[in-house]
Each structure stands twice: as C-alpha cells, then as structure tokens.
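Below is one structure, written out as structure tokens, with a few remarks after it.
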Protein chains: 2
Amino acid sequence: MGDKKLEKHKYRTIRDYIKKRIQTGKYPIGSYLPSENDFCNRFGITRTTIRKALDELLKEGFIVKEQGKGSKVIERGKSLGLLTVKGISGSIDYEVETIVTEPSRIARWDPIIPFTLTNEEQKSQCVYFQRVRNINGHPVVLENNWYSLNALGLIESDEFVDGSFFKTLSRKHLIEIMGAEQELRSKPASIDVAKKLNILEGAPILHISVRFRTSKPGLNLYGDLYCDTSEYPIRNSYFL
Amino acid sequence: MGDKKLEKHKYRTIRDYIKKRIQTGKYPIGSYLPSENDFCNRFGITRTTIRKALDELLKEGFIVKEQGKGSKVIERGKSLGLLTVKGISGSIDYEVETIVTEPSRIARWDPIIPFTLTNEEQKSQCVYFQRVRNINGHPVVLENNWYSLNALGLIESDEFVDGSFFKTLSRKHLIEIMGAEQELRSKPASIDVAKKLNILEGAPILHISVRFRTSKPGLNLYGDLYCDTSEYPIRNSYFL
DNA sequence: AAATATTACTTGTACGTACAAGTTGGAATG
DNA sequence: CATTCCAACTTGTACGTACAAGTAATATTT
C-alpha cells in the first residue's frame, strides 16, 4: 500500500493520503491517528517529513495535536470563519431543519450573483438548488445556490449527506472548502422572499452574497442568502 | 545584542524579537527580512529553529515567503477575515474618512453589548469612543467601541495612528488582534442612528456586534456597529 | 549589443540524531 | 487496597547535514 509516487514532495503525498482517509472515514472523527513514528516506519520517512505533513493538516483544520497523546481527527469547518445562524451546526440550542425547496437542476447563471464568473464558468451551464432553513419550525434562511456544471456535474439534492452539501462534497467527492468571499447587505424583503420566510414585505432582512472557493480547481460555489435575523442573528467567528 | 533568555523555546524568543521589530517599523512593511542564514549566524541557531519562528510569523500574517528571494514583511490584517466596508482599508476605490464623534472617555459598560463580560471586565470601568466612517463624504458606518480600562488604560482618540485604533495598538502597544466573534442583524434604523447616518428612520441597516480578542491577556475590544449598506456593502473574506 | 551561461545568493525538502515534556498504564511500594 | 513510582509511549524542540529549486546580478559567449 505504501509505494506510490514518492519522487519529490513526499510530505504532500503523505498529507493527501492521510487527508483522504479522514475524508472517507477510515480515520474517524474523534479518533487518534497512528503515531508519528508509526508513519515513519510505514512509509520509510523521517519525523521531519511526517511532522510537516501533519502540520498542514493542522492548518487546514483536519486534526489537532495533543502533546503526549497524539493527533486527533476533528470535525472540520467549525473553525472556518463561516457565517452561521446562531445555533446552526452548533445545533445544540436549536432544532434546525433543512428543506430543499427547489431540487438541484441544470439552469442558467442568475445575474444576481455579484461576483465575476470565470471564463470556464460563463461557458458552462450551472447547477441550481434552493433551500430553506427552519429553526424551531420557523423559516429563517432562504438559500439560492449555484455551481458550474462542467466543474462537478449534477449532484442530486436528495443524495446530500446529512442534508449538507459541504459534507457531500467532502465525503463523496473529496472536495474541501478553502475560503470564501462575502458581501453583506441589509435591505427590505421582497414579496417573494417575505412569502418564503413568512414575514412582512419590507421587513429588514440580511442579504448575503457568497462565493466559496474549493480545493477542486475551477469549482466555486455561489450563494445568495436571505436571512430573517429578528429572532436568530447570524454568527461569525475566526481565530488566529 | 543576541543573548537574552535563550533557555528554552528559542524559536519563540526569536519569533517575538522579529515580531517586535516589525511592529515598531524596524523591519518596514514591504522590506525583506534578513535571510535565514543571517539569523542563524546572528543568534547561533540552526535553520530548523529560525524556520519554525518564521513559520509562526507566516501563520499570524506578518510575513510572506518567496522562494529564492526572501521573507517579505506585509501589512497585517487584510487576510484576517475582518468585516470591512467594501473599499475601506483597501482604500483604493473610495475615499474613506474617519471622524471621531465621541472622543475616548471613561464610562460604564453599555448593556447593549451581547457578549458575556469577564469578571475582570465587569469589575473594571471601561473606555468608550464613537466614530463615523464617511465614504465620498457620506456617512456609512456608525461605530461604538468599548474596552476595559484596567486592561489597557485610556488611549486618547486624537493619538490614533492614521486614525486607526488597531494600528495604534500594534505600533505603540505591541498588541495584535487574534480573532473575533460577531453577530449580524438586519434591523430598522432608530431615530438616533438614522440621524447620524443621514438616512430615514426605519431604513434597513446592518447591526454588527463584535468582540475582538487581542494578544494581551484580559483585553477584548467590543464594538457595536450600524452600517448603511445601501450604497456600500460590507465585505468579508477568509482563506485556508 | 544581445543572448546565454554562470555564480552566488535565497527558500524548500529531506535526511538523521538527541533529548525535553506530557500522558498513560502497570509495577513496585506503603 | 491505595498510593507512589517508573517505564514506555506520545509530541515538542533543537541540533547538524545535504541537496533541490527559484531568483537575480554578473560574466561569458555569440
């Protein structure tokens, strides 16, 4: 199992090997990786190299290191600076329900997207789906999502892992979120949005336009979100 | 000049030494640090150690490394995930003007702060100041700021470096922003806010509550911002 | 004079070694 | 039996060496 292309950049090869095993659940969340010396013996490398690989996984948020114990696999994405509804994905305080209101289908790019599409994206059709997030039975976030059909292909919305598109990307396609750009606006709700969020037309809502960059070259995810923040504010935290 | 407390954690000592020289402008922004071998000779260490130190400075956003050239000092805080008005601090597209509307003074904590204060903060008085950010002559952001008097002391708002509180902390007090937590809400403008932002009462504005964590133990900065996003949206980006 | 090659730098990767520091479970002790 | 101690693990720090890869200015060649 060990010998693939170990030419140069050994640490990258090993980093990607470990990453893949984490993504596919062979190193489950909460478990400890084999020790550094284990990896050294297995792959015929030195600790310098495996430590470099683990350091990258640490930076990317796949593991944490505990001196004297080992390297523990963690759930990625919490420490990622993503905007989340207070409670969502923390999911302790509130009951969150995700409803697909428009199943994924092939469509044309919506001009509402305020980011500049790449040439490849403009030439390609896109996949679109719409979701609503409910908290305690009340709709709070209306989500429109797009991505380039050519870059990924159509993923059926009823195949989402735990109802999460990001988890689906990670577990089934080994694609990770690498970053995002966002624009935030406060504006009055349109009739359409007000209807879907069950609020009054003209009530202030938070409009978020976001572009997620992924580890797959050429694949970006575009989002257009409408949030009713009157009960549940949007949260965002980042560190170091 | 080299021998201070080199007992253990040499790389931390050297990291902090370099960091301090960056903060105080002895390694100016845009310049290149001495080469790794230079540092090795100067401090009597090996490249392993200096590289570890530089790696931390890289993670913290003080430098970037360029193979074959060297380590370049960069302006920190851009890659920091902070919410910024589109254009602010990029400051290329728009003319941004910061006006202190309430000079810093000793005050009591405002109950509007939605974060839990530490015991030390509750026992201490606080320093408060208010600012307005203008873009092209139009007020766009109204800012209320607090921090614990005991943790830092009163900094006069007319001593701010470039009008920036963060720059003042870094250059004059060697304190850096380590992270933040934010809550975002869309709501109608109150009379007071509407007046200061020169908009209609009830117009939708973006309300941001933020707690910045700093490198100085016990010091947090609390912000309460009201943004008129009708012309200039708020931006936020983070990577890896 | 222009294109090419060399040289002297820089950072990047990887080898190997040694010991410090933290954790854990079992052996020795009381 | 409870406590202490120790041995065997883990990761953390630091030493030293070697060569690869990228950059830029200089020397050489054309």
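In what follows, chains carry the letters A, B, and so on, assigned in the order in which the sequence lines appear, proteins first and then strands, with residues in each chain numbered from 1. Since the structure is predicted, the reported quantities are computational estimates derived from the model, not experimental observations.
Residue-level contact check: Tyr32(B) touches neither bases nor backbone, having no heavy atom under 4.0 Å from any strand. If you check every strand for non-hydrogen atoms under 4.0 Å, Thr48(A) touches a base. Heavy atoms of Thr46(B) sit under 4.0 angstrom from at least one base atom.
Between the two ends of the helix from dA1(C)-dT30(D) to dG30(C)-dC1(D), each summarised by a five-pair axis, the helix axis turns through 10° (rounded to 10 degrees).
Applying the salt bridge (charged side-chain N to carboxylate O under 4.0 Å, His left out) test to residues at least two apart or on different chains, the pairs with a partner in residues 22-41 of chain B are Glu36(B)-Arg47(B), Glu36(B)-Arg51(B), Glu36(B)-Lys65(B). Applying the salt bridge (charged side-chain N to carboxylate O under 4.0 Å, His left out) test to residues at least two apart or on different chains, the pairs with a partner in residues 156-165 of chain A are Asp162(A)-Lys167(A).
Sparse packing is recorded around NZ of Lys20(B), with 12 or fewer heavy atoms of other residues, nucleotides or ligands lying under 6.0 Å away.
Using a 4.0 Å cut-off between charged side-chain N and carboxylate O, Lys19(B) and Glu56(B) make no salt bridge. By the 4.0 Å N-to-carboxylate-O rule, Arg133(B) lies close enough to Glu143(B) to be salt-bridged with it.
Of the candidate nucleotides dA24(D), dG12(C), dG12(D), dG12(D) has the atom nearest to the side chain of Lys65(A). Distances from the side chain of Gln67(A) to the nucleotides dA18(C), dG12(C), dA20(C) place dA20(C) closest.
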Apply side chain to side chain donor-acceptor pair (under 3.5 Å) to residues Tyr147(A) and Glu121(A) and explain how you reach the verdict.
CA-CA 8 Å; Tyr147(A) 63 86; Glu121(A) 285 171 337; over 6 Å; no
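For the pair Lys52(B) and dA14(D), the criterion of a side-chain N or O lying under 4.0 Å from OP1 or OP2 is not met.
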